[in-house]
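Take a look at the structure below.
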Amino acid sequence: MKGSTRIIVPLLIVLAAFILRITILIKYGLDYTLDSDDVGYVGSAQRLLESGMLTYHFEDIPTVHLMPGEPFMLAVIFKIFGLEYGIWAARVVHIVIGCMTIVVAMKLAAHWVGERWSWIVGILAAVFPPFIQVDNLLLTEGPYTLATLMLIYGTIKLAEKQNNRWFFFVMITYFVALYFRVNIALYPLVLFLYLLIKKYPWKVFKRQIIISIVALLVVMGPWWIRNYMVFDKFIPMTGGSGDPLLLGTFQGEGYPGGSYQTSVAEAESRSEETDILGRMHERKVEAQERMKEWWETNPQSMLKSYLYLKPIEYMKGIFYWKPVFDIPLDTVVKCYQVILITGIAGWLSVGLIKKYRAEMILIMGYVFINVALNSYYFAYPRYNYPLVILWMIGAVFLIYWLKKLLLSRRVSE
């Protein structure tokens, strides 16, 4: 392959992705919004600049409902450009983040299918409507997906190179992802298993574990101190898990009677309206009571719900609330489900190849953590967004692998 082709084709793919995304921004401007979390993050960033206080639900009450990554990033942009132009700048930054995600996805895919085939992954990601949608919204999905893909790519490189450069790359991308979403918190378990399978030098690993622990205290320390000073208790990540845990007890089949609204009202009667942490705790208590009742009255349906129905619910849908280019949701869901099925088949086929088996375990371990966490709490298709590009890579690998099998059979004949 000519050197110029290796540069020009990926550049054209990224340029096409940028044009598609910027077209939506130009067409709809700031009216393209969910009027939900994206507006909440903007307000949180504004108040962070004005008062130095991280808030979300109430303007003058600190929050621990979310990780601070998105509000902090938006606050920096607003500080540089001002609020009026800052929101436009933030949209462009998120579009650039989306384009960078495509670059990393192609680099990651090339590990299994080579550069030419990795371009197919880039093309899919460039034109996939939900990606165009998210890159035009001020949400955590975009930055978090980029950080996790970089983390996975760095993990593979760390196992290959075994040097400090890739170790620090993995550590930094992990902390960046963690500051946007708590879902990545358990990734070190998968990382440890992967490096163990790859026979990573134990002497080097022990030293790097110590460095990682020190780095964790330095990076997360300010967040822990802030939470303790504000809420008078140790909160390692967020305090907002009560609501999704409660919502999750209304999914599946055979769950206890009642309604979510009634349960919320019961929980909130035991706490003050402005005490968000207390309200989340009471919802958690309410959820645990429902889970206990569920297990005692119908354990079979609870097991079926948490081990099968909720994972299926989590995986089968796609986050596409704001259509782009008038492409309907039904069409996007059908395309996504094809990508999902072929992607899973692709990763399973990766496991059949001995030299890639460890990477299959790495990817499937990361997927398992996401499915398990979201199935335990609230199985919501929006939260599977960071996995979609992995399914694209798996789908392309399946086609690539089948083509190689067919060619090898023709040669043998």
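Counted within 6.0 Å of CD on Glu59, heavy atoms from surrounding residues, nucleotides or ligands total 12 or fewer; the atom is thus considered open. Within 6.0 Å of OH on Tyr28 lie more than 12 heavy atoms contributed by other residues, nucleotides or ligands. Within 6.0 Å of CZ in Arg165 there are 12 or fewer heavy atoms belonging to other residues, nucleotides or ligands. For Lys322, the NZ atom is densely surrounded, since the number of other residues' heavy atoms within 6.0 Å is greater than 12. The 12-atom threshold is not exceeded at NZ of Lys284, counting heavy atoms of other residues, nucleotides or ligands nearer than 6.0 Å. Atom CZ of Phe325 has more than 12 heavy atoms from other residues, nucleotides or ligands within 6.0 Å.
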Exercise. Step by step, work out the ring-ring contact (aromatic ring centres under 6.0 Å, His included) result for Trp347 and Trp112.
Key: CA-CA 10 Å; Trp347 285 114; Trp112 294 286; 4.9 Å; yes
Quiz item: What's the verdict on side chain to side chain contact (heavy atoms under 4.5 Å, CB included) for Arg226 and Phe231, showing C-alpha distance, side-chain angles and the deciding distance?
Solution: CA-CA 8 Å; Arg226 176 263 183 187; Phe231 301 100; 3.8 Å; yes
Quiz prompt | Intermediate values then yes/no, side chain to side chain contact (heavy atoms under 4.5 Å, CB included), Met67 and Val182 | solution = CA-CA 7 Å; Met67 292 301 286; Val182 299; 3.6 Å; yes
Quiz item: Please walk me through it: do Thr148 and Thr145 pass side chain to side chain donor-acceptor pair (under 3.5 Å)?
Solution: CA-CA 5 Å; Thr148 51; Thr145 300; 5.1 Å; no
Self-check item: Evaluation steps, side chain to side chain contact (heavy atoms under 4.5 Å, CB included), between Asn384 and Trp391
Solution: CA-CA 11 Å; Asn384 74 35; Trp391 302 136; over 6 Å; no
Exercise. Report the C-alpha distance between Gln208 and Tyr200 in whole Å, list the side-chain angles of each, state the deciding distance to 0.1 Å, and finish with yes or no for side chain to side chain donor-acceptor pair (under 3.5 Å).
Key: CA-CA 11 Å; Gln208 291 177 345; Tyr200 196 79; 2.9 Å; yes
Quiz item: Please walk me through it: do Leu137 and His94 pass side chain to side chain contact (heavy atoms under 4.5 Å, CB included)?
Solution: CA-CA 7 Å; Leu137 297 169; His94 276 71; over 6 Å; no
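A side-chain donor-acceptor contact under 3.5 Å links Ser44 to the backbone of Thr55. Under the 3.5 Å distance criterion, the side-chain polar atoms of Glu286 are left unmatched by any main-chain donor or acceptor of Glu266. Trp294 contributes a side-chain N or O that, together with a main-chain N or O of Gly254, makes up a donor-acceptor pair within less than 3.5 Å. Of the possible polar contacts, one joining the Thr342 side chain to the Val338 backbone as a donor-acceptor pair under 3.5 Å is found. No side-chain donor-acceptor contact under 3.5 Å links Arg283 to the backbone of Leu246. Lys310 places a side-chain N or O within 3.5 Å of a backbone atom of Tyr377 that can act as its donor or acceptor partner. Put simply, the side chain of Asn136 gets close to the backbone of Arg21: a donor and an acceptor are under 3.5 Å apart. In this structure, Asn163 contributes its side chain and Leu158 its backbone to no donor-acceptor pair below 3.5 Å. Put simply, the side chain of Ser301 gets close to the backbone of Glu253: a donor and an acceptor are under 3.5 Å apart. A donor-acceptor pair under 3.5 Å is formed between the side chain of Asn227 and the backbone N or O of Trp223.
Here CG of Leu195 is found 9.0 Å from CD1 of Ile209. Values are rounded to the nearest 0.5 Å. Here the CG atom belonging to Leu149 is positioned 12.0 Å from the CE atom belonging to Met106, to the nearest 0.5 angstrom.
Across Tyr187, Tyr366, Tyr174, a single residue satisfies side chain to side chain donor-acceptor pair (under 3.5 Å) together with Thr155, and that is Tyr187. The only option from Asp37, Ile87, Thr33, Leu30 that meets the side-chain contact (heavy atoms from CB on, under 4.5 Å) definition with Val42 turns out to be Ile87.
Remark: aromatic rings of Trp321 and Phe319 are close, center separation under 6.0 Å. Separation of the Tyr385 and Phe131 ring centroids falls under the 6.0 Å cut-off.
Between Tyr56 and Tyr41, the two ring planes are tilted [angle within 30° to 60°]. Using bins of under 30°, 30° to 60° and over 60° for the plane-to-plane angle, the ring pair Phe234/Trp224 lands in the perpendicular bin. Ring geometry, Tyr376 versus Tyr306: the interplanar angle falls from 30° to 60°, so the pair is classed tilted.
Side-chain contact between Ser263 and Arg290 is present, with heavy atoms from C-beta onward closer than 4.5 Å. The side-chain heavy atoms of Phe58 and Arg47, taken from C-beta on, include no pair separated by under 4.5 Å. A 4.5 Å side-chain heavy-atom check between Phe167 and Val170 finds every atom pair outside the cut-off. At least one side-chain heavy atom of Ile211 sits less than 4.5 Å from a side-chain heavy atom of Arg207.
Judged by a 6.0 Å distance limit and a 45° cone about the ring axis, Lys157 is not positioned over the six-membered ring of Phe169. Annotation: cation-pi pair Arg181/Tyr383 absent, no NZ/CZ under 6.0 Å from the ring centroid and within 45° of its normal.
Salt-bridge check for Arg382 with Glu141: passed, with a basic side-chain N closer than 4.0 Å to an acidic carboxylate O. A salt bridge links Glu359 with Lys198: the closest approach of a Lys/Arg side-chain nitrogen to an acidic carboxylate oxygen falls below 4.0 angstrom.
Defined by atom type and a distance below 3.5 Å, a donor-acceptor pair is present between the side-chain atoms of Asp243 and Tyr260.
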